[in-house]
Amino acid sequence: MLGVSVVVPVYNEEGNVEKLHQEIKRMCVNAGYDYEIIFINDGSSDKTDQICRTLKPLKYIQFRRNFGQTAAMDAGIKAATKEFIATLDGDGQNDPADIPKMLEYMRENHYDVVSGWRKNRKDTFMKRFISRGANALRYLLVHDGIHDSGCSLKVYRRECFKGINLYGEQHRFIPAILEIKGFKVGEMVVNHRARTSGKTKYNWHRTIKGFVDMISVWFWNKYASRPLHVLGAFGILFCMLGGICGIWSIVLFVMGYKMSNNIIPPILTVFFMIMGVLMFVFGLMSEIMMKVYYGTHVDLPYNIREVVENTEEQ
């Protein structure tokens, strides 16, 4: 019997969680899975909490406040106990009925990850436009072979997440992160449904955060093991500019120009030299220190208030 953990972050989805839970349960029963359903309430302010507590079977994780979808996804994945993990959004737009097909596709092709591709999206024009732009940029930077990294409907082997912590908006780039680790990633077209209740949680703030995390993934993929290849190159460039400005200052001095009347070349010399040195130190240090910080398991970028397990009566 196949063991599947279904992980669903929810935030202000009082109109969707009960129906979604029923769909997931029906899918798992019909497929004959040994299953668990995990809902992570990311600090909802509506009746999502009250409704989730009535659902069975359910492993329910309640955050103390809103920490974001990536944090909720990470908490749910860490709480999963089955061999395979399926993730999807709590808005009901992902179809749980696709999960068995994705798991079958994964096993037939020996993938470690299968990501959903919402080829025919049921979203507003602006949301689709922004998503396509982000996907095009991600294709240029990350090269993970995925058409639709923003689709939360994905299936994984649980072993993929050993030693991995997610933060920021990195849930979009999990396939890319796992591919960097050497896991085999696939993709298949999935059903996408129109939202029937609630409001979308996506806005320009999340778009900017996603772009920043995309740069982080790109940098980690390209230069994690050789960071000075990029920072050192910038450092050398700044030092060369400083050297040029230094030569410019010397030439002016030799030609008899008073430095008090030509302070720009000396200032630029000092500026570029300092920047050259700092480029060898700063940018990389912040990224590596963050990964080390979250990788120590001493602290996590979210805080769980309560874990409730509702089991069905025999």
Side-chain angles (χ1 to χ4, degrees), residues 4-28 33 35-82 84-96 99 116 150-156 158 161 164-172 174 193 195-203 205-206 209-210 213 294 297 299-313:
V4 180
S5 299
V6 183
V7 175
V8 186
V10 295
Y11 176 63
N12 289 343
E13 297 290 358
E14 61 183 7
N16 295 311
V17 288
E18 185 173 7
K19 180 182 177 182
L20 180 60
H21 179 271
Q22 292 173 351
E23 288 184 320
I24 295 171
K25 178 181 175 181
R26 183 166 54 249
M27 176 274 297
C28 290
Y33 293 150
Y35 71 97
E36 62 180 356
I37 305 173
I38 305 172
F39 278 13
I40 310 91
N41 186 357
D42 187 23
S44 297
S45 57
D46 61 1
K47 296 180 180 179
T48 298
D49 177 57
Q50 296 93 306
I51 297 173
C52 284
R53 291 176 184 273
T54 66
L55 303 177
K56 297 180 182 180
L58 181 68
K59 182 180 289 186
Y60 175 60
I61 299 174
Q62 169 74 9
F63 277 0
R64 293 187 181 277
R65 64 170 179 83
N66 177 247
F67 289 98
Q69 187 174 359
T70 299
M73 195 80 77
D74 187 69
I77 289 170
K78 284 180 168 56
T81 61
K82 306 301 181 182
F84 296 94
I85 298 173
T87 63
L88 62 158
D89 278 331
D91 56 14
Q93 292 192 258
N94 297 139
D95 190 350
I99 293 175
C151 180
S152 294
L153 181 54
K154 296 178 173 69
V155 295
Y156 311 89
R158 188 157 65 95
F161 293 100
I164 290 181
N165 295 295
L166 304 174
Y167 58 91
E169 291 290 321
Q170 287 188 345
H171 67 277
R172 296 183 179 93
I174 295 177
R193 307 180 294 193
R195 176 184 273 274
T196 58
S197 178
K199 297 181 179 179
T200 181
K201 311 305 184 298
Y202 291 92
N203 51 44
H205 297 92
R206 294 190 66 175
K209 291 178 182 177
D213 281 329
Y294 288 125
H297 299 282
D299 194 9
L300 291 171
Y302 53 86
N303 193 298
I304 296 173
R305 181 169 64 189
E306 186 179 5
V307 176
V308 178
E309 294 198 37
N310 294 336
T311 58
E312 289 186 300
E313 295 179 359

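Values reported hereafter were calculated over all heavy atoms of this structure, with side chains retained and with hydrogens, waters and symmetry mates removed. Bear in mind the structure is a predicted one, so any value in this text is a computation, not a measurement.
- Across all their heavy atoms, V155 and A86 have their closest contact at CG1-CB, 3.8 Å.
- Side-chain contact between I24 and F39 is present, with at least one heavy-atom pair separated by less than 4.5 Å.
- Partners of E306 by side-chain hydrogen bond (donor to acceptor under 3.5 Å, both in side chains), not counting sequence neighbours, listed by chain and number: R53.
- Side chain of T87 to main chain of S152: a donor-acceptor pair is present (N/O by atom type, distance under 3.5 Å, no hydrogens or angles).
- N310 meets the side-chain hydrogen bond (donor to acceptor under 3.5 Å, both in side chains) test with no other residue; sequence neighbours excluded.
- R305 contributes no side-chain N or O that, together with a main-chain N or O of Q62, makes up a donor-acceptor pair within less than 3.5 Å.
- Looking at heavy atoms from C-beta onward, K78 lies in side-chain contact with N165 at the 4.5 angstrom threshold.
- For the atom pair CG (D49) and CG (N12), the distance works out to 11.0 Å, reported to the nearest 0.5 Å.
- Scanning for ring pair (Phe, Tyr, Trp, His ring centres under 6.0 Å) contacts around Y60 gives an empty result, with sequence neighbours left out.
- Put simply, CG on N41 and CG on D46 are 8.0 Å apart, with the number rounded to the nearest 0.5 Å.
- Atoms CD1 and CG, on I37 and L58 in that order, are 6.5 Å from each other to the nearest 0.5 Å.
- Within the structure, salt bridge (Lys or Arg N to Asp or Glu O under 4.0 Å) contacts touching residues 16-27 (residues at least two apart or in different chains) are E23-R193, K25-E312.
- In this structure, CD1 on I61 lies 9.0 Å from CD on E309, to the nearest 0.5 angstrom.
- Cation-pi geometry between R65 and F67 is satisfied (NZ or CZ under 6.0 Å from the ring centre, within 45° of the ring normal).
- Under the 4.5 Å side-chain criterion, counting only non-hydrogen atoms from C-beta, P9 is not in contact with H171.
- Of the inter-residue distances, the one linking I77 atom CD1 with I164 atom CD1 reads 9.0 Å to the nearest 0.5 angstrom.
- In this structure, M73 and V7 approach most closely via the heavy-atom pair O-CG1, 4.3 Å.
- One finds the CD1 atom of I99 at 8.0 Å from the OH atom of Y33 (value rounded to the nearest 0.5 Å).
- Residues C28 and V6 meet the side-chain proximity criterion, which asks for heavy atoms closer than 4.5 Å.
- When atom types are taken as modelled, the side chain of T48 and the backbone of Y11 share no donor-acceptor pair closer than 3.5 angstrom.
- Legend: residues meeting salt bridge (charged side-chain N to carboxylate O under 4.0 Å, His left out) with E36, ordered by chain and number and at least two apart, are K59.
- Partner of V8 under the side-chain contact (heavy atoms from CB on, under 4.5 Å) criterion, chosen from N94, L88, I38: L88.
- Nearest heavy atom pair, residue D42 against residue G68, reads OD2-N, 2.9 Å.
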